[in-house]
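One structure is given here, and the rest of the page talks about it.
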Amino acid sequence: MNSNEIDIHKELKKYFGFNQFKGLQEQVIKSILNKENTFVIMPTGGGKSLCYQLPALIQEGTAIVVSPLIALMKNQVDAIRSLSSENGIAHVLNSSLTKIEITQVKTDISSGLTKLLYVAPESLNKEEYANFLQTVPISFVAIDEAHCISEWGHDFRPEYRNLKNIIKQLGDVPIIGLTATATPKVQEDILKNLDTADATTYKASFNRPNLYYEVRTKTKNIESDIIRFIKQHKGKSGIIYCLSRKKVEAIAEVLQVNGISAVPYHAGLDAKTRAKHQDMFLMEDVDVVVATIAFGMGIDKPDVRFVIHHDIPKSLESYYQETGRAGRDGGEGHCLAYYSYKDVEKLEKFLSGKPVAEQEIGFALLQEVVAYAETSMSRRKFLLHYFGEEFDSETGDGADMDDNVRNPKVKIEAQKQVVKLLEVVRDTKHIYKSKEVVFTLIGRVNAMIKAHRTDVQSFFGCGVDHDEKFWMALLRQVLVDGLLSKDIETYGIVKITKKGVDFIKSPSSFMMSEDHEYNESEDEAIITASKSTGVADETLMTMLRDLRKKVAKRLGVPPFVVFQDPSLEDMAFKYPISSEELTNIHGVGEGKAKKYGKEFLELISRYVDDNDIVRPDDLVVKSTGVNSVNKLYIIQNIDRKLPLDDIASSKGLTMEALISEMEQIVNSGTKLNIKYWLDEMLDEDQQEEIHDYFMESHSDNIEEALKEFEGEYDLEELRLMRIKFISEVAN
């Protein structure tokens with residue numbers, strides 16, 4: 001290992017608290033430190049920003065980061081500042097600053113304090129800033145969301161076009177382009193426009209093994225299905241995407257009425273409301289954001305636990321980006337999409353008003369989405385194939401994280417049918433898209449088939465013993481298997497590959513998955529993919545979360561800037577009580593330990609003493625001191641204010657049995673705050689009356705209480721009030 005390597009690992013630990021790099025990060029960072037032009041394609045959640053943050057922090061001079069989004073810049077600056085005791089280590093330079101703030105930024109850069117300067121492309125175009133930046137040492141220029149340069153990208157920004165000219169004025173500085181998604185055409189365009197044909201390109205795998213993919217049939221009961229799903233993931237953060245603003249408003253309202261904390265977000269809301277709703281989500285004041293795709297660009301929230309698509313998106317690229325906002329911290333991420341062919345027809349209708357070239361692209365993209373929703377093969381394999389990546393659905397990382405793999409469809413031998421299909425594609429001379437290929441097989445005529453006189457060929461109708469749905473499903477599976485390929489240049493024309501030609505010559509077994517029957521009425525069973533988080537001490541975890549929220553509120557930053565979930569989970573597992581131990585916690589570097597550690601260490605130390613927890617040197621997994629799984633479940637869910645009848649039924653308990661469990665919990669000294677439930681049953685005066693009775697009574701005997709109140713309150717009310725009383729007064 002050379003010294004360079006040792007250093008960057010040391011610096012990674014020092015600044016970010018991580019022991020190792022993720023994926024391609026190390027190679028990219030070395031390339032930047034060697035002053036090479038670099039191009040990074042790394043999916044959302046792959047740790048793209050660390051690729052330029054670390055080299056910026058450890059090099060001489062200031063790194064310029066060009067980003068299209070003010071919200072994203074602010075998040076990143078907060079995150080970098082939390083790693084250091086110096087606020088000036090990172091700055092934003094954009095239209096929102098005052099004159100005094102701009103002077104401060106310039107002073108910090110000139111003095112060498114600022115390592116990262118985030119700018120909007122428009123700011124770089126300003127002569128005043130461009131001139132100033134020519135006078136200070138610049139380590140490199142990073143261009144985030146680099147696909148904005150390309151007209152072929154899904155988010156083209158004209159102001160990105162002039163970047164290469166401005167960068168040239170800064171002297172001979174290395175350029176780093178970064179994007180989360182780019183087809184080969186977009187990649188080529190980016191390199192051409194930045195004039196960095198020599199750039200070393202790093203393309204990370206698009207596989208996100210911690211995400212669970214699921215598609216459900218969209219039925220009339222979709223709203224209750226969504227509510228049920230969210231209640232199963234109570235207290236977790238999630239995003240629900242809808243295609244229209246009207247639907248966003250409607251769903252947000254339904255959720256609120258059903259006791260779920262949710263806010264709407266779409267471009268029709270004024271900027272102030274949008275910013276407020278986004279902050280509420282980041283600060284964990286609400287659990288769920290219901291949004292159009294206007295939401296999400298630059299949402300750097302690492303602990304989004306689910307992304308629901310109420311409506312199927314227009315392309316797999318958008319779907320990949322939107323689902324990619326789940327589980328960025330490597331924890332659980334459930335991606336649930338609702339699918340109905342009616343929605344696709346609506347989108348097709350919408351496309352028909354567009355120019356022909358755009359229609360063609362739009363239809364081709366939509367077909368891919370339909371194929372994804374209807375496929376019965378591994379969804380992960382399907383998605384990765386779309387991005388040009390092979391995936392082994394037996395042994396690949398995350399292979400079982402998908403509804404089709406967990407609940408496999410019936411498979412049938414289709415070797416003969418595959419040969420038939422391949423021969424038809426070959427014999428029609430590669431002129432048809434999927435639809436015409438299938439029509440040829442089942443013997444159906446349309447204008448195109450007539451024009452090419454395919455209907456008079458001997459093979460026309462050779463697959464009539466199977467229906468259109470069968471052939472479509474088979475064609476999709478054969479495409480993914482690489483026996484056929486779709487020609488992108490000529491939008492969706494199907495061609496046979498060399499592998500396909502070989503298959504005709506010597507056919508082998510081809511097990512075809514029978515497709516889902518997607519009828520509109522079926523309400524599929526819920527599949528919960530939540531894996532247990534494996535936190536050793538849920539009670540401590542809750543306390544750490546609360547403290548994090550308090551600290552974050554006081555400092556005016558989102559909670560994850562203080563510590564991310566995996567760090568808190570590690571604390572609840574290892575019980576650190578000294579600064580040194582805290583730096584051994586996942587994701588905690590020296591800066592974080594210094595800046596935020598004190599209160600957390602005090603809390604853990606107090607908790608360890610109060611609960612007589614033994615901390616052996618090797619940090620063995622501790623039990624929470626609660627014997628039964630039921631008790632832990634009850635404590636957690638009362639903390640989350642879940643209705644008691646829901647808690648009882650989900651554990652198969654009667655209300656009577658649940659109350660007995662709760663009595664044991666409070667009697668053993670644990671607090672249970674059930675005021676939220678009692679408020680539904682009794683008003684303040686009634687609660688006070690019972691509270692005073694217990695306060696003055698010599699006994700907490702319920703029989704006596706029943707007699708005393710002569711039937712004014714029933715048994716259940718009095719038992720619950722006694723639990724509240726003991727919890728508040730005794731514990």
Side-chain angles (χ1 to χ4, degrees), residues 183-185 316 360-361 363-372 374-379 381-393 411-515:
T183 56
K185 200 165 186 68
L316 276 184
E360 287 279 15
I361 295 175
F363 277 121
L365 293 176
L366 253 184
Q367 273 324 107
E368 296 287 357
V369 176
V370 171
Y372 171 79
E374 290 189 4
T375 188
S376 38
M377 63 180 283
S378 153
R379 296 198 193 278
K381 188 178 171 90
F382 190 106
L383 263 183
L384 293 175
H385 177 264
Y386 179 76
F387 287 108
E389 195 176 318
E390 282 305 308
F391 180 73
D392 185 331
S393 45
K411 292 202 165 195
I412 50 173
E413 177 59 75
Q415 178 186 334
K416 289 196 176 81
Q417 288 81 356
V418 173
V419 173
K420 225 177 246 187
L421 169 66
L422 295 173
E423 286 175 346
V424 163
V425 174
R426 180 193 66 194
D427 297 343
T428 50
K429 310 279 189 286
H430 305 121
I431 52 170
Y432 288 147
K433 297 181 189 175
S434 314
K435 189 168 89 179
E436 278 74 28
V437 171
V438 170
F439 278 15
T440 301
L441 281 156
I442 60 173
R444 191 183 300 172
V445 181
N446 71 5
M448 193 162 184
I449 286 174
K450 221 168 180 47
H452 288 287
R453 297 181 56 78
T454 304
D455 52 337
V456 300
Q457 302 295 329
S458 59
F459 52 77
F460 187 70
C462 65
V464 75
D465 47 348
H466 290 286
D467 63 2
E468 181 183 347
K469 218 169 166 174
F470 171 89
W471 287 113
M472 265 303 180
L474 183 63
L475 192 143
R476 284 199 290 270
Q477 289 174 46
V478 167
L479 264 171
V480 175
D481 213 58
L483 304 176
L484 290 175
S485 69
K486 259 191 190 169
D487 194 355
I488 296 292
E489 292 305 311
T490 45
Y491 305 117
I493 283 180
V494 182
K495 298 187 171 174
I496 193 164
T497 61
K498 175 168 184 328
K499 191 174 167 187
V501 174
D502 294 344
F503 191 95
I504 295 175
K505 284 183 199 149
S506 58
S508 54
S509 166
F510 190 99
M511 296 308 286
M512 171 201 180
S513 308
E514 288 194 334
D515 248 14

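Owing to the predicted nature of the structure, the values given are computational and were not obtained by experimental measurement.
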For the backbone of Gly463 and the side chain of Trp471, can you confirm whether one donor and one acceptor N or O come within less than 3.5 Å of each other? yes
Output all residues satisfying ring pair (Phe, Tyr, Trp, His ring centres under 6.0 Å) with Tyr372, sequence neighbours left out; order by chain, then residue number. Tyr319, Phe382
Could you measure the distance from the CE atom of Met472 to the CG atom of Asp467? Nearest 0.5 Å is fine. 11.5 Å
What's the separation between atom CZ in Phe503 and atom CD in Gln415, rounded to the nearest 0.5 Å? 5.5 Å
Worked check of side chain to side chain contact (heavy atoms under 4.5 Å, CB included) between Met511 and Glu413: CA-CA 5 Å; Met511 296 308 286; Glu413 177 59 75; 3.7 Å; yes
Can any side-chain N or O of Thr497 pair as donor or acceptor with the backbone N or O of Ser485 at less than 3.5 Å? no
Could you pull out the closest heavy-atom pair between Thr428 and Val425, with the gap in Å? OG1-O, 3.3 Å
With rounding to the nearest 0.5 angstrom, report the CD to CD1 distance, Glu423 to Ile496. 8.5 Å
Could you check His385 against Phe391 for side chain to side chain contact (heavy atoms under 4.5 Å, CB included), going step by step and ending with a plain yes or no? CA-CA 7 Å; His385 177 264; Phe391 180 73; over 6 Å; no
Begin with the C-alpha distance, continue with both residues' side-chain angles, and end with the deciding distance and a verdict on side chain to side chain contact (heavy atoms under 4.5 Å, CB included) for Phe510 and Val419. CA-CA 10 Å; Phe510 190 99; Val419 173; over 6 Å; no
Leu474 and Met512 have their tightest heavy-atom pair at N-CE, 3.7 Å
Any chance you could measure Arg476, atom CZ, to Glu368, atom CD, to the nearest 0.5 Å? 10.0 Å
Please check this pair: side chain of Asn446 against backbone of Met448, looking for a donor-acceptor N/O pair closer than 3.5 Å. yes
Taking every heavy atom of Lys420 against every heavy atom of Cys462, the minimum-distance pair comes out as NZ-O, 3.1 Å
First locate atom CZ of Phe460, then atom CG of Asp427, and finally report the distance between them rounded to the nearest 0.5 Å. 14.0 Å
Determine whether a donor-acceptor pair (N or O, by modelled atom type, separation under 3.5 Å) exists between the side chain of Lys499 and the backbone of Asp481. yes
For Leu475 and Ser434, which heavy atoms make the closest approach, and how far apart are they? CD2-OG, 3.6 Å
Going by salt bridge (Lys or Arg N to Asp or Glu O under 4.0 Å), name the pairs with one or both residues in residues 502-513, residues two or more places apart or in two chains. Lys498-Asp502
For the atom pair NZ (Lys381) and CD (Gln477), what is the distance rounded to the nearest 0.5 Å? 11.0 Å
Quiz: residues 450-458 side-chain donor-acceptor pairs under 3.5 angstrom, not counting sequence neighbours:
| unit_1 | atom_1 | unit_2 | atom_2 | d |
| --- | --- | --- | --- | --- |
| Thr454 | OG1 | Tyr432 | OH | 2.5 |

